[in-house]
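Just so you know, ligand 1 is whichever comes first in the structure, and atom 1 is the first atom listed for that ligand. The figures that follow rest on heavy atoms only: side chains count, while hydrogens, waters and symmetry mates do not.
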Amino acid sequence: MTGSPYTIKAGSTILIIEDDIAFAELTSGTLQEHGFKAIGATSGQEAMELLSATIPSLIILDYSLPDMTGIAILEQIADRGLSVPFIMVTGRDDALLAVQMMKTGACDYLLKDTSFLDRLPAAVLRTLHDAETRERLLRAEESLRQSETRLARAQKIARMGSWEWNPLTGETYWSDELYRIFGFTPGEPHQVEMEWFINLINEADRPAFKKAITNAARQCQSFSLIYRIKSCNGDELVVNSQAEVECDSEGRAQLVSGTTLDITARIRAENEIQQLINYDTLTSLPNRTLLNDRLRHAIAQALRDRQMVGVLFLDLDRFKGINETLGHRAGDKLLKTIAKRLKACVRETDTLARIGGDEFAVVLMGVSNEEVITAITKKILGLISEPICINGHEIYTTGSIGIAVYPMDGEDGPTLLKHADQAMYQAKERDGNNFQFFSSEMNIKVLERMMLENSMRKALEREDLFLLYQPQVDTRTGEITGLEALLRWRHPDMGVIVPDKFIYLAEETGLIIPIGEWVLRTACFQAKAWQQQGFPPMRMAVNLSAKQFAQKDLSGTIAAILLESGLDPDWLELEITESTIMKDPDSNTRMLQKLKDMGISLAIDDFGTGYSSLSYLKHFPINRLKIDRMFVRDIAINPDDAAIVEIIISMAHTLKLSVTAEGVETRPLMEFLASRNCVEMQGYLFSRPVTAEEITTILENGLKY
Ligand SMILES: Nc1nc2c(ncn2[C@@H]2O[C@H](COP(=O)(O)O[C@H]3[C@@H](O)[C@H](n4cnc5c(=O)[nH]c(N)nc54)O[C@@H]3COP(=O)(O)O)[C@@H](O)[C@H]2O)c(=O)[nH]1
């Protein structure tokens with residue numbers, strides 16, 4: 001094999017099918033001399049048997065065999081699915097036969113003449129080489145086909161298509177997946193015109209695409225671009241195209257090729273996440289997160305334009321009541337309607353956000369003066385107060401709005417919002433349906449309130465709270481029938497503070513619960529102590545605030561305190577204001593009944609100031625009405641008040657309730673009330689609220705008035 005231009009694997013097996021044994025041996029000898037392994041068969045049948053055991057690299061086939069022709073053998077070999085190169089050998093020099101043999105797939109044919117053995121090695125080498133080349137080509141083609149299939153599969157999975165565009169000729173190539181992404185059948189249209197493609201792109205995104213593709217063609221600039229495109233079936237897709245440019249040595253673009261990825265699902269998911277992060281699910285308005293962001297931008301813009309930003313903090317009045325009476329669904333509907341109305345009041349450039357249950361915020365951009373803000377605020381209040389029909393109910397609601405203005409009331413979003421919130425509270429305190437601009441005095445008030453709240457939290461631990469007791473007197477006998485426990489706070493810096501100055505704050509912060517429990521416990525222990533000291537038993541009246549009364553386990557707490565102190569429930573009276581009961585008359589009547597069943601006596605405090613209807617009053621399981629001191633005070637100068645007091649007294653008697661007049665400061669007042677059959681009274685005439693020690697002295701010496 002020396003000098004051969006071919007590199008054939010040494011030892012390749014060659015099958016010689018030849019019935020002329022002498023000729024076969026000569027052939028075999030020559031092949032072995034050239035390093036091949038030769039095996040032989042003298043008939044077609046023997047050859048087929050050999051082929052069952054061994055697959056040779058080449059067959060040298062005699063055209064005429066005793067049992068079958070060479071062509072018949074080849075057919076049988078093909079039937080077995082074998083593909084072995086072969087050289088046909090014939091004794092006839094016949095051109096037609098030669099053509100026929102080549103048609104059967106013969107790689108070569110040799111004449112059995114005198115030069116046969118000389119030509120044989122070269123023919124064998126050439127045939128084997130061709131076969132190997134063909135084999136390699138087939139393998140390469142197969143591998144290419146496989147990688148194309150894999151690529152197509154990967155593209156399909158990734159929803160990614162590939163493409164090419166020749167900027168010189170305008171010719172394009174799209175992968176099958178790219179056709180599919182855009183909703184077309186692969187290959188249709190065969191040639192994609194760039195202009196036609198650009199027309200499928202969303203109009204807003206077209207300029208960016210045109211710029212990218214032009215820069216790629218003119219300046220060999222690669223690009224990555226996200227754009228929207230209308231698919232064949234009309235759906236809008238979001239795709240990301242990335243392109244590379246092949247340039248010639250002079251920097252001219254020859255080919256722009258790239259990939260296009262369908263990112264519609266990803267963008268949709270991202271949008272949904274953004275929606276959840278930045279928007280309120282009920283009203284679809286921006287939430288607090290997005291509001292803060294918009295406020296930051298609004299302030300930056302206002303700083304550049306030397307303008308103002310108005311921040312409105314809106315809270316619906318009595319929304320909680322609507323929610324509780326009509327249910328949360330109705331509450332939700334109301335909020336949606338309000339959101340819609342608010343939208344109608346502000347411009348596109350402004351921001352309207354929902355930042356809490358019934359709290360909304362509005363950021364008014366580019367405002368030149370406060371009158372504009374006032375006008376918009378009034379418009380908002382007007383629209384909110386229009387009736388809303390929900391589930392057949394006509395609901396009337398109002399709002400309270402606090403306003404803070406950049407740059408006067410704060411230089412950053414959180415400060416502006418906080419100040420608008422503080423101003424809103426002021427508006428609410430004025431009975432709602434109102435608005436209020438923030439003022440620095442307001443801020444001082446809020447700071448004071450914060451400080452008060454902080455020290456109130458410490459008051460219980462530091463034992464800064466104490467009780468005073470005020471006698472309730474039977475004016476027929478002058479005996480003390482009861483004592484009202486009245487809370488005081490000895491503030492380390494501010495001195496003694498009366499409840500009107502801090503109970504509201506304790507209510508708002510929830511501190512009223514531990515404070516109220518402390519009052520009840522202290523009062524019960526004190527009442528029991530006086531009994532144990534041998535004084536005749538007296539009622540101990542304790543005030544309960546609305547929040548305490550709303551506690552589910554109130555009766556349990558009171559029962560535990562009574563048990564702890566050893567005070568008989570008969571000697572405890574709870575004073576609840578008329579307005580507390582009227583917040584939810586039905587459920588509160590149940591709580592009153594529970595307490596009454598425990599043997600506790602119940603009094604309606606400040607009677608006459610609320611709006612309890614007679615029908616309710618009849619059903620409240622109460623023992624006593626306390627006439628508010630506001631009416632008692634003015635009996636002498638205001639005939640209306642005198643008439644009201646008379647009516648309350650006679651109503652109490654009709655309903656078989658005890659009645660106590662509060663705030664009796666003078667003897668004529670006492671005489672007037674006594675003449676109207678009100679025997680029990682409380683007021684400065686008898687005693688101011690005093691300490692337990694002073695009450696002990698009074699009990700020892702008798703009450704002087
Ligand atoms: N939830 C709780 N509320 C409480 C508690 N302790 C008191 N309070 C309520 O605070 C309000 C103010 O109470 P106070 O400043 O103690 O005033 C009481 C009396 O001092 C005052 N009073 C009594 N007699 C007269 C009088 O002749 N003239 C006059 N000007 N004032 C007088 O009235 C208050 C008692 O009122 P009332 O409770 O309605 O009987 C007050 O509403 C308290 O209820 C507490 O522990 N928890």
Side-chain angles (χ1 to χ4, degrees), residues 456 459-460 464-473 475 480-490 495-524 526-527 539-551 554 557-558 561 572-581 583 602-610 624-636 648 658-670 672-673 680-692 694-695 703 705:
M456 202 198 310
L460 257 177
D464 286 344
L465 301 178
F466 65 100
L467 292 183
L468 293 183
Y469 300 89
Q470 189 177 32
Q472 295 171 337
V473 184
T475 52
I480 299 174
T481 49
L483 290 162
E484 182 179 359
L486 294 161
L487 180 62
R488 296 291 182 269
W489 174 13
R490 193 178 291 105
V496 174
I497 311 180
V498 291
D500 278 341
K501 295 262 187 299
F502 67 89
I503 288 283
Y504 74 95
L505 195 58
E507 278 254 322
E508 274 173 33
T509 53
L511 279 168
I512 193 68
I513 304 296
I515 290 178
E517 208 176 307
W518 178 86
V519 171
L520 259 167
R521 181 172 286 106
T522 311
C524 288
Q526 184 58 62
R539 275 190 325 269
M540 177 58 80
V542 177
N543 290 284
L544 278 193
S545 76
K547 215 170 211 154
Q548 276 178 284
F549 198 64
Q551 270 180 287
L554 176 68
T557 309
I558 297 175
I561 289 173
L572 176 64
E573 184 162 274
L574 299 174
E575 292 191 7
I576 302 124
T577 63
E578 197 182 357
S579 51
T580 296
I581 301 178
K583 274 193 179 130
L602 302 164
I604 295 193
D605 202 4
D606 305 341
F607 190 76
T609 55
R624 179 184 307 280
L625 292 184
K626 287 188 79 182
I627 310 170
D628 191 71
R629 64 173 184 271
M630 190 177 79
F631 301 114
V632 175
R633 186 188 58 197
D634 295 340
I635 282 173
I648 295 175
S658 305
V659 61
T660 303
E662 297 182 68
V664 181
E665 293 190 7
T666 63
R667 196 158 282 278
L669 273 181
M670 181 188 78
F672 174 89
L673 290 161
E680 194 163 292
M681 300 178 207
Q682 178 181 347
Y684 292 170
L685 173 67
F686 312 100
S687 166
R688 286 186 172 256
V690 291
T691 60
E694 286 171 287
I695 291 289
L703 192 62
Y705 58 92

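Nearest protein neighbour of atom 24 (N) of ligand 1, counting heavy atoms only, is Gln470 NE2, 3.0 Å. Protein heavy atom closest to atom 16 (O) of ligand 1, with residue, atom name and distance, is Arg488 NH1, 2.8 Å. Among protein heavy atoms, the minimum distance from atom 34 (C) of ligand 1 is reached at Arg629 NH1, 3.3 Å. Ranking protein heavy atoms by distance to atom 38 (O) of ligand 1, first place goes to Glu484 OE2, 2.7 Å.
In this structure, Arg539 pairs ionically with Glu680, as a charged nitrogen and a carboxylate oxygen lie closer than 4.0 Å.
The distance from the CZ atom of Phe549 to the CD1 atom of Ile576 is 4.5 Å, given to the nearest 0.5 Å. Expressed to the nearest 0.5 Å, how far CG of Asn543 lies from CG of Leu487 amounts to 9.5 Å. The distance from atom CD of Gln526 to atom CG of Leu467, rounded to the nearest 0.5 Å, is 8.5 Å.
The protein reaches atom 6 (N) of ligand 1 closely, with a heavy atom under 4.0 angstrom from it. For atom 41 (C) of ligand 1, the nearest protein heavy atom is 4.0 Å or more away.
Checking side-chain atoms of Gln682 against main-chain N and O of Gln470 turns up no donor-acceptor pair under 3.5 Å. Side-chain atoms of Glu573 never come within 3.5 Å of backbone atoms of Ala603 as a donor-acceptor pair (strictly under, hydrogens ignored).
Which of Ser545, Pro499, Ser687 comes nearest to atom 8 (N) of ligand 1 through a heavy atom is settled by distance: it is Pro499. The residue among Gln548, Met681, Gln472, Glu662 with a heavy atom at the shortest distance from atom 39 (O) of ligand 1 is Glu662. Nearest-heavy-atom check against atom 25 (C) of ligand 1 across Phe686, Phe502, Tyr684, Trp518 picks out Tyr684.
Residue Glu575 has at least one heavy-atom neighbour below 4.0 Å for each of these atoms of ligand 1: 38 (O), 40 (O). Atoms of ligand 1 lying under 4.0 Å from any heavy atom of Leu486, numbered from 1 in the order shown and given with element: 6 (N), 7 (C), 16 (O), 18 (C), 19 (C), 35 (C). Taking a cut-off of under 4.0 Å to the non-hydrogen atoms of Gly683, the atoms of ligand 1 that pass are 24 (N), 27 (O). Atoms of ligand 1 lying under 4.0 Å from at least one heavy atom of Val519, given by number and element, are 46 (O). Below 4.0 Å from some heavy atom of Asp500 lie the following atoms of ligand 1, by number and element: 10 (O), 11 (C), 12 (C). The Glu665 neighbourhood of ligand 1 comprises atoms 26 (C), 27 (O), 28 (N), 29 (C), 30 (N), with distances under 4.0 Å to a heavy atom of that residue.
Two residues are said to be in side-chain contact when any heavy atoms from C-beta on lie closer than 4.5 Å; Glu662 and Asp605 meet this criterion. Under the 4.5 Å side-chain criterion, counting only non-hydrogen atoms from C-beta, Phe607 is not in contact with Ile627. Ile512 is listed as a side-chain neighbour of Gln548, based on a closest heavy-atom distance under 4.5 Å. Residues Trp489 and Lys501 have side chains not in contact (no heavy-atom distance under 4.5 Å, counting atoms from C-beta outward). With contacts defined as side-chain heavy-atom distances shorter than 4.5 Å, the pair Leu572/Ile561 does not qualify.
Only the side chain of Asp606 comes within contact range of ligand 1, with a heavy atom under 4.0 Å; no backbone atom does. Counting heavy atoms closer than 4.0 Å to ligand 1, residue Asp605 contributes side-chain atoms (C-beta onward) but none from N, CA, C or O. In Asn543, the parts holding a heavy atom less than 4.0 Å from any atom of ligand 1 are both the side chain and the backbone. With a 4.0 Å heavy-atom cut-off, ligand 1 is reached by no atom of Arg688. The proximity of Pro689 to ligand 1, defined as any non-hydrogen pair under 4.0 Å, is limited to the side chain.
Within the structure, the closest approach of Arg633 to ligand 1 does not fall below 4.0 Å when heavy atoms are considered. Remark: distances from the non-hydrogen atoms of Gly516 to ligand 1 are all 4.0 Å or more.
Residue Phe672 is tested with Thr666, Val632, Val664, Ile635 for a side chain to side chain contact (heavy atoms under 4.5 Å, CB included); the sole match is Ile635. Put simply, the residue from Glu484, Lys626, Arg624, Gln472 that forms a side-chain hydrogen bond (donor to acceptor under 3.5 Å, both in side chains) with Thr660 is Arg624.
For Ile604 against Thr577, the heavy-atom pair with the smallest separation is CG2-C, 4.5 Å.
Considering backbone and side-chain atoms together, Ile512 places no N or O closer than 3.5 Å to any N or O of ligand 1. Not a single N or O atom of Gln682, backbone or side chain, sits closer than 3.5 Å to an N or O atom of ligand 1.
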